[in-house]
Amino acid sequence: MKQWMLKAGQKCDEVFLRNEVEMTLGGEPTFVPVEPVGAEWSYAAVGPTKLLYARALAFRLLEDHLPGGVDFFSPGKSYPGEVNPRWAIRLLANRDGTPIFPLRSAGAVSADALASLRKHIAKGLGVKPRWKCIPDPQEESAQVWALLVDAEDDAWESFEWPAGARLRLTSAPGPAGLRLPLHVLAEKIPRRALTLEWRANQLAIFLPPVVQSPFVKLLAVLGESLRHSGIGSVEMQGYVPTDEALLWTQVGLTADPGVLEVNLPACASWEHYNTWVHAVTDGAEAVGLRSWKIFSPKGHPEGSGGGNHLLWGGPTIERNPFFSRPGWMASLLRYWQHHPSLAYLFTGCYVGASSQAPRADESARDRYDLELALAFLESLPKGDHRHLIGETLRHLQTDVTGNSHRSEISLDKFWNAGWPSGMLGLLEFRAIESLPTPEWMGAVALLWSGLAAWLLEHPFRHRLHEFSHDLHDRFFLPTILWRDLQHVLKDLRGGGFDLDEKLFHQIWSWKFPEVLAFREGDARFTIRKAHESWPLLCETPVDGGTTSRFVDTSMERLELLANRAFAESFDLRAANRPLTLKRIDKDTFLCGLRFRRTNLHPSLHPGLPPQMPMEISVHSAETTHRFVLRENDAAFHPLRTKRDIKPPGESCKTSTGRGDFTYDLRIP
């Protein structure tokens with residue numbers, strides 16, 4: 001770890017300790033294979049290889065970082081349009097270092113061993129052994145035993161299956177514990193069952209949903225029962241409760257569209273978070289995964305395509321630092337709104353109102369309402385205001401459809417009583433993407449932690465800034481974003497948080513790769529990839545009678561940047577249309593250029609053809625240089641100059657004609 005990182009992290013700890021703040025830091029880095037193949041590594045959540053990678057990574061993390069831990073194959077979230085819930089692998093390890101299961105001897109799993117296991121489990125729980133063998137219509141050789149149980153105040157009770165009922169597992173895919181015929185039970189019988197599944201010489205135990213205290217007892221009983229029965233290999237499945245007593249270190253591996261997502265533990269400090277980012281990245285690389293990919297053979301490296309969200313919370317709900325500090329929350333939101341680099345610099349290449357993490361002022365929200373909400377929070381007296389904070393902000397921190405999850409700063413897990421997982425006290429920053437090194441990902445988290453600590457003691461009370469058209473016209477351009485981030489880093493330095501600007505410039509250079517570099521004498525001219533937005537299209541019918549909302553990804557944006565020597569000696573043309581560079585200081589001239597790269601269906605303006613190949617020409621009194629970007633190229637290539645250069649066409653125009661920085665090549 002670099003020394004400046006360690007010092008800045010310690011400075012955060014000092015500020016939080018001085019103000020009696022216990023803030024946890026969580027993360028969700030995402031990974032893909034070195035050679036991602038198939039829909040599961042493009043747009044689908046599940047597929048034939050993703051679970052194999054997840055199990056391999058889980059084994060690596062348990063071996064290297066969670067000794068004595070156990071992995072659980074668990075049902076994940078259900079989403080509209082998906083037939084089955086997604087899966088999740090949850091890793092549990094005791095914080096005190098003791099193993100979840102006592103050490104057990106290995107032995108053959110015979111019918112007698114399984115019978116002994118059922119006997120010892122019932123005895124250990126203190127219940128009648130009312131196990132029921134339930135046939136599986138998909139595989140007659142499988143053996144599935146289920147015990148209806150429930151727990152109250154750590155006391156367990158078992159129940160009889162109804163006599164005479166036809167009991168068979170359903171034909172749905174997945175573990176037997178999710179396919180039990182619970183619909184035949186009377187209403188008074190709890191729909192919870194402990195399930196043993198013997199299939200293909202592998203034993204799986206499925207745990208029902210219970211709270212933490214009886215869950216811990218059940219784990220202890222299972223461990224002792226496996227040891228007494230001589231069974232040394234088992235796959236754990238089922239539901240893992242919330243860690244209310246802070247007994248465990250938990251890591252989650254979940255199926256997400258196009259990526260494998262890793263849910264890091266809630267870390268008590270940035271240094272702890274940084275340790276886990278390195279551990280997970282090292283483990284992923286060891287099993288053939290990485291946090292970046294290349295979309296085409298000639299393309300530039302980009303993020304994984306998934307997120308790397310950061311989550312702020314507290315060690316427990318009772319000790320959450322945000323509930324009693326609404327002014328701090330307002331200060332954070334004000335500062336983030338003033339600095340678009342925090343929304344645009346560390347996220348994917350497509351941003352804007354229809355992205356996965358739009359700013360609040362991009363989501364058709366009146367800035368007046370945002371200002372009114374923040375001013376109200378700043379006026380609140382001391383006390384626990386969790387409900388009022390959540391209700392004030394969650395309707396404003398949304399995307400254009402009102403989705404509170406898809407926003408730059410999401411409060412859907414803060415205090416929303418309408419959702420089962422909406423009352424966790426979490427503030428989620430979604431405009432962050434996975435980066436190719438754990439050091440870079442740790443640096444971004446350190447930037448976030450530094451801002452949280454600095455704003456805790458230096459409230460930011462400036463009124464929200466009216467960016468209007470400038471937000472997309474200028475702040476989609478890399479140079480403008482970098483200068484904004486420099487202001488952020490300067491603020492932190494003034495507060496005693498000295499973050500290395502060079503490292504963040506490396507991240508900036510990677511996020512916005514150079515696609516053309518021209519040098520002649522003192523003249524310098526470069527082109528970099530810039531950000532572009534995804535216009536939201538209308539609802540379109542799809543198979544099955546539902547509708548889907550598409551976005552138009554046909555447009556791209558470039559930044560053209562030059563120094564004074566170039567601006568005074570050369571002229572620029574795009575597709576033989578003159579461009580004018582705008583001066584932003586004495587030696588910096590730039591503009592943006594939007595053009596249509598593809599014409600896929602559906603899209604806006606389907607009658608406008610793609611503007612590829614894209615030609616940029618550089619003219620002086622003596623020379624002409626021409627460069628071309630072809631459809632499958634990642635960068636411009638030089639062209640031989642023709643002697644008969646055509647006169648320039650009509651000047652390229654901006655979308656508003658107001659002297660914007662960005663020209664739109666589609667406008668005639």
Side-chain angles (χ1 to χ4, degrees), residues 46 51 70-78 82-90 109 111 113-152 155-211 214-215 217-219 221-222 225-226 229 231 234-241 255 420:
V46 297
L51 182 57
V70 177
D71 59 304
F72 287 82
F73 182 80
S74 301
K77 294 181 180 179
S78 297
E82 297 182 8
V83 177
N84 298 304
R86 300 173 186 174
W87 50 259
I89 295 180
R90 308 196 186 281
V109 181
L114 291 174
S116 172
L117 178 62
R118 295 193 299 272
K119 174 184 175 182
H120 280 98
I121 290 174
K123 182 179 179 181
L125 293 177
V127 301
K128 294 182 179 179
R130 293 164 168 163
W131 294 94
K132 189 71 174 181
C133 183
I134 302 180
D136 186 350
Q138 297 179 351
E139 186 178 341
E140 293 183 0
S141 61
Q143 297 183 46
V144 177
W145 295 83
L147 178 66
L148 292 171
V149 291
D150 196 17
E152 185 175 352
W156 286 83
E157 182 180 2
S158 65
F159 304 88
E160 290 281 6
W161 288 88
R166 187 168 181 238
L167 302 178
R168 297 175 69 85
L169 298 182
T170 68
S171 58
L178 292 175
R179 301 164 52 207
L180 297 173
L182 300 179
H183 61 282
V184 304
L185 300 177
E187 291 186 4
K188 64 181 181 179
I189 298 180
R191 281 160 170 72
R192 292 184 176 89
L194 178 64
T195 309
L196 308 181
E197 180 180 1
W198 174 248
R199 186 188 306 272
N201 296 320
Q202 176 65 47
L203 175 64
I205 303 179
F206 190 96
L207 276 59
V210 292
V211 297
F215 180 87
K217 178 179 179 180
L218 178 56
L219 287 180
V221 169
L222 291 175
S225 300
L226 289 166
S229 305
I231 299 175
V234 61
E235 176 184 329
M236 300 302 298
Q237 301 173 344
Y239 297 89
V240 176

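What you are looking at is a predicted structure, and each value in this text was computed from that prediction instead of being measured. Note that the numbering runs from 1 along the sequence shown for the chain.
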About how many Å separate [atom2] of [Y] and [atom1] of [X], when rounded to the nearest 0.5 Å?
{"X": "W87", "Y": "L178", "atom1": "CH2", "atom2": "CG", "answer": "14.5 Å"}
{"X": "L194", "Y": "W145", "atom1": "CG", "atom2": "CH2", "answer": "13.5 Å"}
{"X": "D150", "Y": "R192", "atom1": "CG", "atom2": "CZ", "answer": "4.5 Å"}
{"X": "I205", "Y": "E235", "atom1": "CD1", "atom2": "CD", "answer": "10.5 Å"}
{"X": "M236", "Y": "F72", "atom1": "CE", "atom2": "CZ", "answer": "4.5 Å"}
{"X": "R199", "Y": "D136", "atom1": "CZ", "atom2": "CG", "answer": "4.5 Å"}

Identify the heavy atoms of [X] and [Y] that sit nearest to each other, and give their distance.
{"X": "Q138", "Y": "A172", "answer": "NE2-O, 3.8 Å"}
{"X": "Q237", "Y": "E197", "answer": "OE1-OE1, 4.1 Å"}
{"X": "V210", "Y": "P214", "answer": "CB-CG, 4.2 Å"}
{"X": "S116", "Y": "S229", "answer": "OG-OG, 3.3 Å"}
{"X": "W161", "Y": "L182", "answer": "CH2-CD2, 4.0 Å"}

Subject >> Plane angle bin for F206 and Y239 - parallel if under 30°, tilted between 30 and 60°, otherwise perpendicular >> reply: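 Ring orientation, 0 to 90° scale: perpendicular.
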Donor-acceptor contact below 3.5 Å, side chain [X] vs main chain [Y]:
{"X": "R86", "Y": "V46", "answer": "no"}
{"X": "S74", "Y": "G238", "answer": "yes"}
{"X": "R130", "Y": "S158", "answer": "yes"}
{"X": "R118", "Y": "P129", "answer": "no"}

State, yes or no, whether a side-chain contact exists between [X] and [Y] at a heavy-atom distance under 4.5 Å.
{"X": "V144", "Y": "R179", "answer": "no"}
{"X": "L117", "Y": "V109", "answer": "no"}
{"X": "V240", "Y": "L207", "answer": "no"}
{"X": "P162", "Y": "L185", "answer": "yes"}
{"X": "L219", "Y": "V70", "answer": "no"}
{"X": "Q143", "Y": "C133", "answer": "no"}

**OP:** Please collect all ring-ring contact (aromatic ring centres under 6.0 Å, His included) contacts where either partner lies in residues 118-143, sequence neighbours excluded, each pair once.
**Re:**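 Residue pairs with at least one partner in residues 118-143: H120-H228.
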**OP:** Could you tell me whether K217 atom NZ has more than 12 heavy atoms of other residues or ligands within 6.0 Å of it?
**Re:**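 Check passes, neighbour count above 12.
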Original post:
Near E152 CD, under 6.0 Å, is it more than 12 heavy atoms from other residues, nucleotides or ligands?
Top reply: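 No, the 6.0 Å shell around CD holds no more than 12 heavy atoms from other groups.
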Subject >> CA sep, side-chain torsions, deciding dist, call: V221, W156, side-chain contact (heavy atoms from CB on, under 4.5 Å) >> reply: CA-CA 12 Å; V221 169; W156 286 83; over 6 Å; no
Subject >> Test applied, side chain to side chain contact (heavy atoms under 4.5 Å, CB included); reference residue, L196; option that passes from V234, L147, I121 >> reply: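 Per the side chain to side chain contact (heavy atoms under 4.5 Å, CB included) rule, the option paired with L196 is I121, out of V234, L147, I121.
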For residues 164-171, tabulate all N or O donor-acceptor pairs below 3.5 Å that involve a side-chain atom, not counting sequence neighbours.
none

